[in-house]
S.K.: 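This is the structure I have questions about; it appears just below.
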Amino acid sequence: MPSFDTVIEPNLVEVRNAVEQSAREIGTRFDFKGTSAGIDLADKTITLFGDAEFQIGQVTDILLAKLTKRGVDIRFLDRSAKIEKIGGDKVRQVVTVKSGVDSDTAKKLQAAIKQSKLKVQAAIQGDTVRVTGAKRDDLQAAMQIIRKTASDAPVSFTNLRD
């Protein structure tokens, strides 16, 4: 039976390369000389450092430019964390890299597929959503529904089987 998996999976190698390029640019830019501006990557969290919120904004702009240049969708970044003071007049912001379909999004996708009245079934399997159906055309229609439903998340489709 034909099936495919719906996943949210960034290219972590390109994310690391973009963070390293951003750190190099921050180290060489004249407007960051003598400041605590910086960027750090640990596992799937990127920490942005600066002297003020304005500087965090500049570091974020550099990071987003480097990610875009390397072909990484910026929707993978969860920038909802607040900018926090870490002592003195220094601030930081923690940005997480999204990976895997969270349960709320998975339930929303599953409900959208059920409401579409296509002859496919959607099953939540951990951090992926597996869609199975009898016809390949139905699967392609389900892919379009998933793209419309999860427009705020960079979904991709893997493990396509005939």
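The basis for the numbers below is simple: all heavy atoms, side chains too, and nothing from hydrogens, waters or symmetry mates.
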S.K.: Within this structure, what is the OG-CG distance for the pair S22 and L63, rounded to the nearest 0.5 Å?
M.R.: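 Answer rounded to 0.5 Å: 4.5 Å.
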S.K.: Is there a donor-acceptor contact under 3.5 Å from the side chain of Q121 to the main chain of G133?
M.R.: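 No, the answer is negative, given that no donor and acceptor are paired below the 3.5 Å cut-off.
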S.K.: For the pair T28 (side chain) and R24 (backbone), establish whether a donor and an acceptor sit closer than 3.5 Å, ignoring hydrogens and angles.
M.R.: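 Flag set: sc T28 to bb R24 pair under 3.5 Å.
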S.K.: Less than 4.5 Å apart, side chain to side chain, heavy atoms only: is that true for V131 and I146?
M.R.: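 In short, these two side chains touch, coming nearer than 4.5 Å.
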S.K.: Between R79 (side chain) and T60 (backbone), is there a donor-acceptor pair under 3.5 Å?
M.R.: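 No.
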S.K.: Before accepting this row, confirm whether a basic side-chain N of the pair E25/K66 lies closer than 4.0 Å to the acidic partner's carboxylate O.
M.R.: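 Counted as a salt bridge, because a side-chain N and a carboxylate O are separated by less than 4.0 Å.
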S.K.: Would you call K135-D137 a salt bridge at under 4.0 Å N-O?
M.R.: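 No.
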S.K.: I want to check something: taking the side chain as every heavy atom from C-beta on, are L77 and K98 in contact at a cut-off of under 4.5 Å?
M.R.: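 Counting from C-beta outward, L77 and K98 never come under 4.5 Å.
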S.K.: Between D73 (side chain) and F76 (backbone), is there a donor-acceptor pair under 3.5 Å?
M.R.: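 Flag not set: sc D73 to bb F76 has no pair under 3.5 Å.
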S.K.: Under a 4.5 Å side-chain heavy-atom rule over Ile, Leu, Val, Met, Phe, Trp and Tyr, are L67 and F49 clustered together?
M.R.: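 Different clusters.
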S.K.: Below 4.5 Å, heavy atoms only, C-beta onward: do V95 and D78 meet side chain to side chain?
M.R.: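 The answer is no; the side chains never approach within 4.5 Å.
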S.K.: We want to know whether K44 and S99 form a side-chain donor-acceptor pair, criterion being a heavy-atom distance below 3.5 angstrom.
M.R.: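 Checked: K44/S99 side chains pair up, N/O donor to acceptor below 3.5 Å.
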S.K.: Quick one: are I46 and V97 in side-chain contact, heavy atoms under 4.5 Å?
M.R.: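 The answer is yes, as the side chains (C-beta and beyond) meet within the 4.5 Å cut-off.
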S.K.: Could you tell me which non-hydrogen atom of I74 sits nearest to which non-hydrogen atom of L64, and how far apart they are?
M.R.: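 For I74 and L64, the tightest heavy-atom pair comes out as CG2-CD2, 3.8 Å.
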S.K.: Mind checking whether Q58 and D31 have side chains closer than 4.5 Å, heavy atoms only?
M.R.: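 The answer is yes, as the side chains (C-beta and beyond) meet within the 4.5 Å cut-off.
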S.K.: Should I83 and V59 be counted in the same cluster of Ile, Leu, Val, Met, Phe, Trp and Tyr side chains packed under 4.5 Å apart?
M.R.: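 Both belong to a single hydrophobic cluster.
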S.K.: Is it true that D138 and K119 make a salt bridge, defined as a side-chain N closer than 4.0 Å to a carboxylate O?
M.R.: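 Salt bridge: no.
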S.K.: Does any N or O in the side chain of S116 come within less than 3.5 Å of the main-chain N or O of I113, such that one atom is a donor and the other an acceptor?
M.R.: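 Yes, S116 side chain to I113 backbone: donor-acceptor pair under 3.5 Å.
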S.K.: Between E84 and R92 (side chain of the first, backbone of the second, donor and acceptor by atom type, cut-off under 3.5 Å), is there such a pair?
M.R.: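 Absent.
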S.K.: How long is the span from the CD atom in Q110 to the NZ atom in K108, to the nearest 0.5 Å?
M.R.: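 If we round to the nearest 0.5 Å, Q110:CD and K108:NZ are 13.5 Å apart.
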S.K.: Kindly determine whether I124 and L109 satisfy side-chain contact (heavy atoms from CB on, under 4.5 Å), including the steps that lead there.
M.R.: CA-CA 9 Å; I124 301 170; L109 294 176; over 6 Å; no
S.K.: Testing the 3.5 Å rule here: is there a donor-acceptor pair between the side chains of S36 and D51?
M.R.: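 The criterion, which ignores hydrogens and geometry beyond distance, is satisfied for D51 and S36.
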S.K.: Find out whether V19 and Q21 are in side-chain contact, i.e. whether some heavy atom of one side chain is under 4.5 Å from a heavy atom of the other.
M.R.: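 Answer no - side chains too far apart.
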S.K.: Taking all atoms of both residues into account, what is the closest heavy-atom pair of L139 and S3, and its distance?
M.R.: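 Minimum heavy-atom contact is CD1-N, 3.8 Å.
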S.K.: Let's go through R136 and F4 carefully: what are the C-alpha distance in whole Å and the side-chain angles of both, what is the deciding distance for side-chain contact (heavy atoms from CB on, under 4.5 Å) to 0.1 Å, and is it a yes or a no?
M.R.: CA-CA 10 Å; R136 192 173 193 158; F4 66 88; over 6 Å; no
S.K.: Does some side-chain heavy atom of T47 sit less than 4.5 Å from a side-chain heavy atom of I39?
M.R.: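 Result no, sub-4.5 Å side-chain heavy-atom pair not found.
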S.K.: How long is the straight-line distance from CE of M143 back to CG of L160, given to the nearest 0.5 Å?
M.R.: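 If we round to the nearest 0.5 Å, L160:CG and M143:CE are 5.0 Å apart.
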S.K.: Heavy atoms only: give me the nearest A153-I8 pair and the separation to one decimal.
M.R.: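 Nearest pair, atom of A153 first, then I8: CB-CD1, 3.7 Å.
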S.K.: Hey, are the side chains of T35 and Q55 touching, using non-hydrogen atoms and a 4.5 Å cut-off?
M.R.: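 Sidechains of Q55 and T35: in contact.
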S.K.: Would you compute the distance between atom OG1 of T6 and atom CG of D127 and round it to the nearest 0.5 angstrom?
M.R.: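 Going from the OG1 atom of T6 to the CG atom of D127 covers 11.5 Å.
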S.K.: Determine, using the 4.5 Å side-chain heavy-atom cutoff (strictly less than), whether I86 and V91 are members of one ILVMFWY cluster.
M.R.: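 Different hydrophobic clusters.
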S.K.: Report whether V15 and V94 are members of the same hydrophobic cluster (ILVMFWY, side-chain heavy atoms less than 4.5 Å apart, transitive linking).
M.R.: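 Different clusters.
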S.K.: Is it the case that over 12 heavy atoms from other parts of the model lie below 6.0 angstrom from the CD atom of E9?
M.R.: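 Atom CD in E9 is not packed in, count stays at 12 or less.
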S.K.: Which other residues belong to the hydrophobic cluster containing V7, where Ile, Leu, Val, Met, Phe, Trp and Tyr are joined when side-chain heavy atoms lie under 4.5 Å apart, directly or via other members?
M.R.: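 Joined to V7, directly or through intermediates: none.
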S.K.: Evaluate V101 against T128 for side-chain contact (heavy atoms from CB on, under 4.5 Å), listing each step before the verdict.
M.R.: CA-CA 6 Å; V101 180; T128 65; 5.7 Å; no
S.K.: Please say whether more than 12 non-hydrogen atoms of neighbouring residues, nucleotides or ligands are located less than 6.0 Å from CZ in R29.
M.R.: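 Result for CZ/R29: enclosed.
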S.K.: Mind checking the OG-CZ spacing from S151 to R75? Nearest 0.5 Å is all I need.
M.R.: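 Rounded to the nearest 0.5 Å, the OG-CZ separation comes out at 7.5 Å.
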S.K.: Checking D5 against V129 for the side-chain contact (heavy atoms from CB on, under 4.5 Å) test, could you report, in this order, the C-alpha distance in whole Å, the side-chain angles of both residues, the deciding distance, and whether it holds?
M.R.: CA-CA 6 Å; D5 291 340; V129 177; over 6 Å; no
